[in-house]
Amino acid sequence: KNSEEYVITGVSLLKNPITSHPAHMVSIISYNKKMDEWVQIYKEVNPYWYPKVEVCNLLNNNLDQIIISDVQGSGGFLSYKILARMNNQNEIILNRKSIFQGSYRVAGNQIIEKMGHQSTIIKWDGKSFSGHKTNEEMVQPISAKDIQIQYTISPDHQVTVSQPKI
């Protein structure tokens, strides 16, 4: 690799003219060894934005991609974008907005996107992302470290638990 990339998130010194609060910013810089300097490859400023940044590899190549996401409003509206190096330039290769009660997680080389209790599996097909809706909510698999507890509640509100001690 010719460079190392760094993701910087934080509060910029710019003030939102409406609220006078600092604006939130995501900036990605990369050190270019050939030019011997730092180069900004992405920047976004939004006064209402509380960004989450995640590095992953969804394209099955030797370069990482960056997911920048945020959740806003009383409906928990998720928006996220994926930034990748394609054809020797940085591009946003997926941009999803306003997913009601939204969340996502990266599982291998795919994204499991949830809207409420509905799930969509999004996967790179070599040229673009495609999504497949599932009939059921995709939940994270139980690992060896997890303890699974099953319970029932009877009509008279008595709770029966499979493991009374944890």
Side-chain angles (χ1 to χ4, degrees), residues 1-14 22-73 75-148:
K1 292 184 180 180
N2 291 334
S3 66
E4 295 179 28
E5 292 181 355
Y6 295 88
V7 177
I8 301 169
T9 64
V11 177
S12 76
L13 298 177
L14 301 173
H24 293 86
M25 174 185 72
V26 171
S27 177
I28 302 169
I29 59 174
S30 177
Y31 183 72
N32 185 314
K33 289 182 182 178
K34 290 180 186 175
M35 296 171 52
D36 192 30
E37 66 183 7
W38 291 95
V39 178
Q40 184 177 56
I41 61 173
Y42 182 81
K43 179 181 176 182
E44 185 166 354
V45 177
N46 185 323
Y48 303 106
W49 208 48
Y50 296 92
K52 173 185 164 192
V53 178
E54 183 174 355
V55 177
C56 59
N57 190 318
L58 297 166
L59 307 184
N60 290 328
N61 60 18
N62 62 348
L63 298 172
D64 288 333
Q65 294 78 53
I66 298 170
I67 301 176
I68 305 166
S69 66
D70 73 326
V71 177
Q72 297 181 24
F77 292 97
L78 169 71
S79 294
Y80 67 95
K81 58 187 73 169
I82 300 175
L83 181 67
R85 184 100 178 138
M86 305 283 291
N87 304 318
N88 291 323
Q89 59 185 8
N90 299 300
E91 297 180 17
I92 294 174
I93 58 173
L94 182 65
N95 194 3
R96 304 277 292 148
K97 294 183 179 184
S98 301
I99 302 163
F100 179 68
Q101 294 179 349
S103 66
Y104 79 90
R105 68 180 164 90
V106 175
N109 64 346
Q110 61 189 12
I111 297 171
I112 299 175
E113 178 185 290
K114 291 173 64 176
M115 180 176 70
H117 292 289
Q118 299 173 350
S119 295
T120 301
I121 299 172
I122 299 174
K123 195 168 185 178
W124 182 255
D125 66 10
K127 294 182 183 179
S128 63
F129 283 100
S130 60
H132 167 72
K133 290 191 178 195
T134 63
N135 292 333
E136 58 190 38
E137 181 177 6
M138 300 292 291
V139 296
Q140 195 151 355
I142 296 173
S143 72
K145 296 178 185 178
D146 294 337
I147 298 171
Q148 183 175 8

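Just the heavy atoms: all of them, side chains too, but no hydrogens, waters or symmetry mates, feed the values below. Computed from a predicted model, the values in this text were never measured in an experiment.
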From NZ (Lys127) to CE (Met86), nearest 0.5 Å: 11.5 Å

Gap separating the OH atom of Tyr80 from the CD1 atom of Ile67, nearest 0.5 angstrom: 7.5 Å

Ile93 side, atom CD1; Leu59 side, atom CG - distance, nearest 0.5 Å: 4.5 Å

Non-neighbouring partners of Tyr42 that pass ring-ring contact (aromatic ring centres under 6.0 Å, His included), sequence neighbours left out: none

Among Ile112, Leu78, Thr120, Ile122, side-chain contact (heavy atoms from CB on, under 4.5 Å) partner for Tyr104: Leu78

Atom pair CG/CG of Asn57 and Leu63 - distance to nearest 0.5 Å: 8.0 Å

Gly108 backbone acceptor or donor facing Gln110 side chain under 3.5 Å: no

Short side-chain donor-acceptor distance under 3.5 Å, Ser79 and Gln72: no

Side chain to side chain donor-acceptor pair (under 3.5 Å) between Ser27 and Gln40, worked out: CA-CA 7 Å; Ser27 177; Gln40 184 177 56; 2.8 Å; yes

Listed once per pair and sorted, the salt bridge (Lys or Arg N to Asp or Glu O under 4.0 Å) pairs that draw on residues 90-103, sequence neighbours left out: Arg96-Glu113

Full working for side chain to side chain contact (heavy atoms under 4.5 Å, CB included) between Asn90 and Ile28: CA-CA 11 Å; Asn90 299 300; Ile28 302 169; over 6 Å; no

Distance, nearest 0.5 Å, that separates CG of Asn62 from CZ of Arg85: 12.0 Å

Distance, nearest 0.5 Å, that separates CD1 of Ile68 from CG of Asn95: 10.0 Å

Side-chain (Thr134) to main-chain (Ser119) donor-acceptor, under 3.5 angstrom: yes

Closest contact, heavy atoms only, Leu58 versus Trp124: O-CB, 3.7 Å

For the student: nearest non-hydrogen atoms of Gln65 and Asn61, plus distance: NE2-OD1, 3.5 Å

